[in-house]
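Atoms within each ligand, like the ligands themselves, are counted from 1 in listed order.
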Amino acid sequence: MKDYRPDDFDFNKTLGEISAGIKKPNILICGATGAGKSSVVNYVFGENLAQIGHGVPVTRGITRYQQEDTGVVLYDTEGYEIGTEKISQYKANVEDWVNAFGDVDIHVAKKAGVTQELNNRIHEVWYCISAGNKRVTDMDIDVIQMLKAKKLPVAVVLTQIDNLDAEELEAMEAAIREYCQVVFFRTSASDDPAVKAALQDYLQWDELIGWAIDHLDESLREGFISALKGNLAAKKRLVNQKIIPLYTSAAAGVALTPIPFSDAALLVPIQIKMSLHIMKTYGLDQKLSNLSSLVGSVVVSESGRLLAQTLSSSLFKLIPGVGTAIGTTVNTVVASSFTAAMGYAISQICFNCATAVFEEGREIEWPDYFNGENIAALMAEWFKVSRHG
Ligand SMILES: Nc1nc2c(ncn2[C@@H]2O[C@H](COP(=O)(O)OP(=O)(O)O)[C@@H](O)[C@H]2O)c(=O)[nH]1
Ligand SMILES: [Mg+2]
């Protein structure tokens, strides 16, 4: 077997290719000044995306937040102060801006076979109304109706619910139902553990994110999910159901070529790219300063070693379909199964790392997670499960 050297692989170029392949939804964030727009954005996407100084003013009162390696583009409206004359400007501003973006109805466009235009529009609106204000203003109602008339998916994010009691909350919800007639989600960006515990039956962050994903075209969901902070279950689903299969197909394609399959050099670059893609989806690419050397040393060496071992050992017999296939079919079955198993292993390891780092706030030693032993054990587990289940 020919050795594969990590030096042959351009990690930065590959990460750039992965980012370039991800389509980004445009999300419009509306609401009065102080409604909690920035806090919602930080809570859902992390503090990094919309840091002061990262935004570009695109028109009066609207700032775009966009980063090369983040899968969403946010348009944050400056809002208005309740009771000031800026209120009348706000609706006109937002309306002009949305019009300029183009109002291609997603369903009409799809029927007409138009796909490229889908990128060039606002995809959904998160309209923030502060529960702390204890009222829904005429302006909120007006702007929401205007956006709905443009067939944009609009959700009200009812913010700062820690600022009122259950009865007041009930009254706010009734007002939104009656006057706005859009779906709404209760939130609080407070990170006080006592507040969080007290509100746990009320908070609907997960529901908001579920709504946001459901209302995006399939082609835009990866960008959105990869941009989320936390939400590891959604990330895992995306990785296992959408991302890994891209690479197993690529691996099967490579194995069809009449080059001896035992040349792992053909398969390894696909697996490294897949691993980087998985790490990126879990948000680990920003955490790993020495990402390339880690992937280089572990995935490259393990992939080569395990593939050799697989081809000559008991693991090989576990690959579904191998016993019945012949010739190049063996190659494609082995190549795609092996890649799927590797993807599963990396996904599980990333999930565990992300849980430790993002949800438990722990400092971890990466090699405790990304090591040959873990990868081999998880791959063997995948082979067994897919053979029997
Ligand atoms: N108690 C409480 N305060 C919040 C919450 N969300 C935001 N705030 C505070 O409300 C103020 C306005 O929030 P900000 O996100 O800047 O609003 P924006 O002007 O709409 O972007 C800030 O002082 C926040 O700290 C929340 O959920 N609970
Ligand atoms: Mg703000």
Any N or O on [X] sitting closer than 3.5 Å to an N or O of ligand 1?
X      : result
Thr187 : no
Ser39  : yes
Thr33  : no

Would you mind running through ligand 1 and noting each atom that sits below 4.0 Å from a heavy atom of [X]?
X      : value
Ala32  : 20 (O)
Lys37  : 15 (O), 17 (O), 18 (P), 19 (O), 20 (O), 21 (O)
Ser190 : 27 (O)
Ser188 : 27 (O)

(message) Arg186 vs Leu203, test: side chain to side chain contact (heavy atoms under 4.5 Å, CB included). Steps then yes/no.
(response) CA-CA 5 Å; Arg186 297 182 292 262; Leu203 293 176; 5.6 Å; no

(request) Keeping waters out of it, list the protein N, O or S atoms under 2.8 Å from the Mg ion (ligand 2). (result)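 Metal shell, protein only: Ser38 OG.
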
(message) Give me each pair satisfying side-chain hydrogen bond (donor to acceptor under 3.5 Å, both in side chains) with a member in residues 201-213, each pair once, sequence neighbours excluded.
(response)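 The answer is Trp211-His215.
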
(request) Ignoring hydrogens and angles, state whether a donor on the side chain of Ser347 or Asn240 is under 3.5 Å from an acceptor on the partner side chain. (result)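 Side chains of Ser347 and Asn240: pair found under 3.5 Å.
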
(message) Please tell me whether Asp140 and Thr137 have a donor and an acceptor in their side chains that are separated by less than 3.5 angstrom.
(response)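 Judged by distance alone, the side chains do pair up.
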
(request) Is it possible for you to check whether Lys229 lies under 6.0 Å from the centre of the six-membered ring of Tyr43, through NZ or CZ, and within 45° of that ring's axis? (result)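 Positive - Lys229 is close enough to the ring of Tyr43 and near enough to its axis.
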
(message) Taking the six-membered ring of Phe351 as reference, does the cationic atom of Lys236 (NZ for Lys, CZ for Arg) lie under 6.0 Å from its centre and within 45° of its axis?
(response)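 Checked: cation-pi criterion met.
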
(request) Run the numbers on His123 and Phe224 for ring pair (Phe, Tyr, Trp, His ring centres under 6.0 Å), then give the verdict. (result) CA-CA 11 Å; His123 297 100; Phe224 182 84; over 10 Å; no

May I have the list of side-chain donor-acceptor pairs in residues 191-200 shorter than 3.5 Å, sequence neighbours left out?
from: Asp192; atom 1: OD1; to: Ala194; atom 2: N; distance (Å): 2.9

Contact check, [X] vs ligand 1, heavy-atom distance below 4.0 Å:
X      : value
Gly132 : no
Ala35  : yes
Asp162 : yes

Do me a favour and list the nearest non-hydrogen protein atom to [atom] with residue, atom name and distance?
atom                    : value
atom 19 (O) of ligand 1 : Gly34 N, 2.8 Å
atom 17 (O) of ligand 1 : Gly36 N, 3.1 Å
atom 9 (C) of ligand 1  : Gln160 NE2, 4.0 Å

(request) Take Lys235 and Glu222 through the salt bridge (charged side-chain N to carboxylate O under 4.0 Å, His left out) test and state the conclusion after the steps. (result) CA-CA 9 Å; Lys235 288 174 189 263; Glu222 179 180 349; over 6 Å; no

(request) State, with a plain yes or no, whether a side-chain heavy atom of Thr77 is found less than 4.5 Å away from one of Asn93. (result)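 Answer no - side chains too far apart.
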
(request) Give a yes or no answer on whether the side chain of Glu178 reaches the backbone of Ala175 with a donor-acceptor pair at less than 3.5 Å. (result)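 A pair under 3.5 Å: no.
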
(message) Please enumerate all residues that pass ring-ring contact (aromatic ring centres under 6.0 Å, His included) together with Tyr127, with sequence neighbours excluded.
(response)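 Residues passing ring-ring contact (aromatic ring centres under 6.0 Å, His included) with Tyr127: none at all.
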
